[in-house]
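Working notes, structure below.
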Amino acid sequence: MTVTAYSFTRLSLRIATSALAETVTAWYRANARDLPWRQPGATPWGVLVSEVMLQQTQVSRVEPAWRRWMERWPTPADLAADPPGEAIRAWDRLGYPRRALRLHACAGAIVERHDGEVPDDVDALLALPGIGMYTARAVAAFAFRQRHPVVDTNVRRVVARVVEGAADGGAATTPADLRAVEVLLPVDHEAAATASVAFMELGAVVCTARTPRCDDCPLTAVCAWRLAGSPPSAAPSRRIQRYHGTDRYVRGLIMAVLRAADDPVARDRLDAVWPDAEQRERALGGLLADGLVRERAGTFTLPG
DNA sequence: AATGCGTGGCA
DNA sequence: TTGCCAAGCAT
């Protein structure tokens with residue numbers, strides 16, 4: 001291939017991919033859900049809190065919890081000033097309560113390292129408790145309007161279908177995923193940030209995992225998966241872990257008791273949640289090791 | 001890199 | 001009803 005032809009191909013690619021982002025952004029402007037952390041007045045802290053709550057938890061369940069949380073702890077310093085157990089209690093039934101513990105630790109780290117202000121660069125965000133590759137980039141893009149590939153399960157699925165013609169994306173984000181998304185982003189930072197949330201929104205409400213609404217999709221005419229006849233997933237479905245009766249389930253039972261309690265809880269009240277003593281001990285031991293539960297004189301509480 | 005980690009909604 | 005899946009992270 002000559003240099004000229006190569007350059008031409010690259011240019012065409014750039015034009016095609018840029019049109020993709022523009023199309024999805026236009027769709028987003030007309031169809032975006034009105035979520036409180038997307039409001040102009042939302043603070044970087046509010047965006048960070050929303051992203052942590054949204055880790056593996058649906059928007060419909062997060063929204064009321066987020067409103068209550070932000071009213072009670074409008075800044076990182078407010079949260080850091082309260083005991084971690086209060087964060088766990090306020091987390092209520094969002095699931096994965098270690099996220100609440102880490103969010104509390106995150107608030108403390110922001111106060112200590114960053115003078116109470118959410119940092120605006122990806123590396124500083126990545127160094128905070130509970131903030132990983134996805135959340136760091138999401139905060140940098142959505143709160144600070146920077147240009148970063150923001151790749152979650154929705155974006156992996158959209159790119160897999162539209163660009164690669166596959167039924168679904170990989171289980172976890174790889175460096176290759178970041179590069180694949182980076183080339184789709186507009187050069188302008190503000191436009192890139194909006195395109196990022198637009199790709200996510202498309203995956204969340206149209207290009208869904210089980211029953212995609214292709215008739216409502218702005219990319220249906222150019223979607224490689226659609227054009228290939230929407231072939232089924234090639235990969236074996238990942239093993240789904242059952243829930244009822246697992247250690248995780250028993251941990252949930254114990255945490256529900258402790259969240260509801262105003263005073264230290266005696267062991268026999270925890271023993272009542274589940275008949276299998278061995279499994280109970282394993283679950284309680286895990287919670288103690290995780291710092292989600294404290295023991296004092298044979299009684300149990302959330303961490304003070 | 002595979003695994004453990006809550007809870008609920010929906011088809 | 002039951003199984004899948006949901007804006008992941010840490011180890």
Side-chain angles (χ1 to χ4, degrees), chain A residues 28 32-33 35-38 46-66 88 91-103 105-106 125-143 148-158 167-175 177 181 193 196-205 207-213 233 236-259 273 279 282-283 285-287 289-293:
Chain A
Y28 176 78
R33 290 170 294 180
L35 302 174
W37 48 86
R38 290 179 180 167
V47 172
L48 189 155
V49 170
S50 79
E51 292 299 340
V52 173
M53 287 184 169
L54 286 162
Q55 292 168 3
Q56 300 283 278
T57 304
Q58 302 90 329
V59 165
S60 60
R61 299 173 57 206
V62 164
E63 188 167 351
W66 184 89
I88 294 168
W91 198 256
D92 197 37
R93 303 186 69 81
L94 282 183
Y96 294 141
R98 50 173 53 169
R99 288 184 293 165
L101 193 59
R102 292 191 181 126
L103 185 54
C106 180
L125 286 161
L126 267 176
L128 297 170
I131 308 297
M133 161 132 51
Y134 163 76
T135 305
R137 293 167 187 281
V139 171
F142 303 150
H148 297 287
V150 181
V151 184
D152 71 333
T153 186
N154 290 306
V155 174
R156 289 199 301 276
R157 186 174 54 249
V158 168
D168 43 35
T173 296
T174 65
D177 291 328
V181 171
S196 291
V197 72
F199 277 115
M200 287 182 59
E201 185 82 347
L202 187 71
V205 307
C207 193
T208 55
R210 264 180 296 186
T211 50
R213 305 170 56 198
S233 174
S237 62
R238 61 174 178 173
R239 274 238 298 287
I240 294 294
Q241 194 170 4
R242 67 206 174 287
Y243 177 57
H244 186 86
T246 61
D247 287 2
R248 213 177 345 180
Y249 176 74
V250 178
R251 285 168 60 108
L253 296 176
I254 293 171
M255 290 303 293
V257 170
L258 295 177
R259 279 197 309 266
V273 304
Q279 191 176 18
R282 202 162 56 234
L287 290 169
D290 289 346
L292 288 165
V293 176

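Reminder, nothing fancy here: chain letters follow the sequence lines and each chain counts from 1.
Proximity note for A:Arg248 (side chain, C-beta onward) versus B:dG6, C:dG8, C:dA6: the nearest is B:dG6. Between C:dA6, C:dG3, C:dG8, one nucleotide has an atom nearer to the side chain of A:Arg61 than all others, and that is C:dA6.
A heavy atom lying under 4.0 Å from DNA chain B marks none of the residues of residues 196-203 of chain A. DNA chain B lies under 4.0 Å from at least one heavy atom of each of the following residues of residues 51-60 of chain A: A:Gln56, A:Thr57, A:Gln58.
Across all strands, A:Arg156 comes closer than 4.0 Å to no nucleic acid atom at all (heavy-atom distances). Using a 4.0 Å heavy-atom distance criterion, A:Trp91 is classed as making no nucleic acid contact. Base engagement by A:Gly95 is indicated by at least one non-hydrogen atom pair under 4.0 Å involving a base atom. Residue A:Ser50 is classed as having no contact, given no heavy-atom separation below 4.0 Å to the nucleic acid. In this structure, A:Ala138 reaches neither bases nor backbone, as no heavy-atom distance under 4.0 Å exists between it and the strands shown. Among the atoms of the strands shown, none is found under 4.0 Å from any heavy atom of A:Leu101. Contacts of A:Thr208 with the nucleic acid, taken as non-hydrogen atoms under 4.0 Å apart, are absent.
Summarising the geometry, the separation between CG on A:Leu94 and C1' on B:dG6 is reported as 10 Å, rounded to the nearest angstrom. Atom CZ in A:Arg251 sits roughly 4 Å away from atom P in B:dG6 (whole-Å rounding). Across the protein-nucleic acid pair, A:Phe142 atom CZ and C:dA7 atom P stand 12 Å apart, rounded to whole Å. Here the C1' atom of nucleotide C:dC9 and the CG atom of A:Asp152 are 14 Å apart, to the nearest Å. Rounded to whole angstrom, the span from the OH atom of A:Tyr96 across to the P atom of C:dG8 amounts to 10 Å. Per the geometry, CE belonging to A:Met133 stands 13 Å off C1' belonging to B:dA1, to the nearest Å. If you take CG of A:Asn154 and P of C:dA6, they are 7 Å apart, rounded to a whole angstrom. Counting to the nearest Å, the P atom of B:dT3 and the CG atom of A:Asp247 are 16 Å from each other.
A:Ser50 places no side-chain N or O within donor-acceptor distance of the main-chain N or O of A:Trp37, the cut-off being under 3.5 Å. With hydrogens and angles disregarded, no donor-acceptor distance shorter than 3.5 Å links the side chain of A:Trp91 to the backbone of A:Arg98. For the pair A:Arg99 (side chain) and A:Gln55 (backbone), a donor-acceptor distance under 3.5 Å is present. Formation of a donor-acceptor pair under 3.5 Å by the A:Arg156 side chain with backbone atoms of A:Asp177 is not found in this model. In this structure, A:Gln56 contributes its side chain and A:Gly95 its backbone to no donor-acceptor pair below 3.5 Å.
A donor and an acceptor atom sit less than 3.5 Å apart, one in the side chain of A:Arg210 and one in the base of C:dC4. With hydrogens and angles ignored, a donor-acceptor pair under 3.5 angstrom links the side chain of A:Arg33 to the base of C:dA7.
Between C:dC9 and B:dG8, the two P atoms lie 22 Å apart (nearest whole Å). B:dC5 and C:dA7 have their P atoms separated by 22 Å, with the value rounded to a whole Å.
The line from CD of A:Gln58 to CE of A:Met53 is 14.0 Å long, rounded to the nearest 0.5 Å. With values rounded to the nearest 0.5 angstrom, A:Leu287 atom CG is found 5.5 Å from A:Ile254 atom CD1. The CG atom of A:Leu103 sits 6.5 Å away from atom CG of A:Leu48, with the distance rounded to the nearest 0.5 Å.
Taking for each of A:Pro97 and A:Thr211 the nucleotide of DNA chain B with the nearest heavy atom, the 5'-most of the two is the partner of A:Pro97. Remark on DNA chain C: of its neighbouring residues A:Leu128 and A:Trp37, the 5'-side contact belongs to A:Trp37, judged by nearest-heavy-atom nucleotide.
For A:Thr246, no side-chain nitrogen or oxygen approaches OP1 or OP2 of B:dG4 to under 4.0 Å. Between B:dT7 and A:Arg259, a contact under 4.0 Å exists linking OP1 or OP2 to a side-chain N or O. Taking 4.0 angstrom as the limit, A:Tyr243 places a side-chain polar atom (N or O) nearer than this to OP1 or OP2 of B:dT7. Phosphate proximity of B:dT7 to A:Arg98: absent, as no side-chain N or O sits under 4.0 Å from OP1 or OP2.
Under a 4.0 Å N-O distance rule, the pair A:Glu63/A:Arg33 does not qualify as a salt bridge.
One side chain, A:Tyr134 or A:Glu51, offers a donor N or O that lies under 3.5 Å from an acceptor on the other.
Heavy atoms only, all atoms of each residue included: A:Ile131 and A:Thr135 are closest at CD1-CG2, 3.7 Å.
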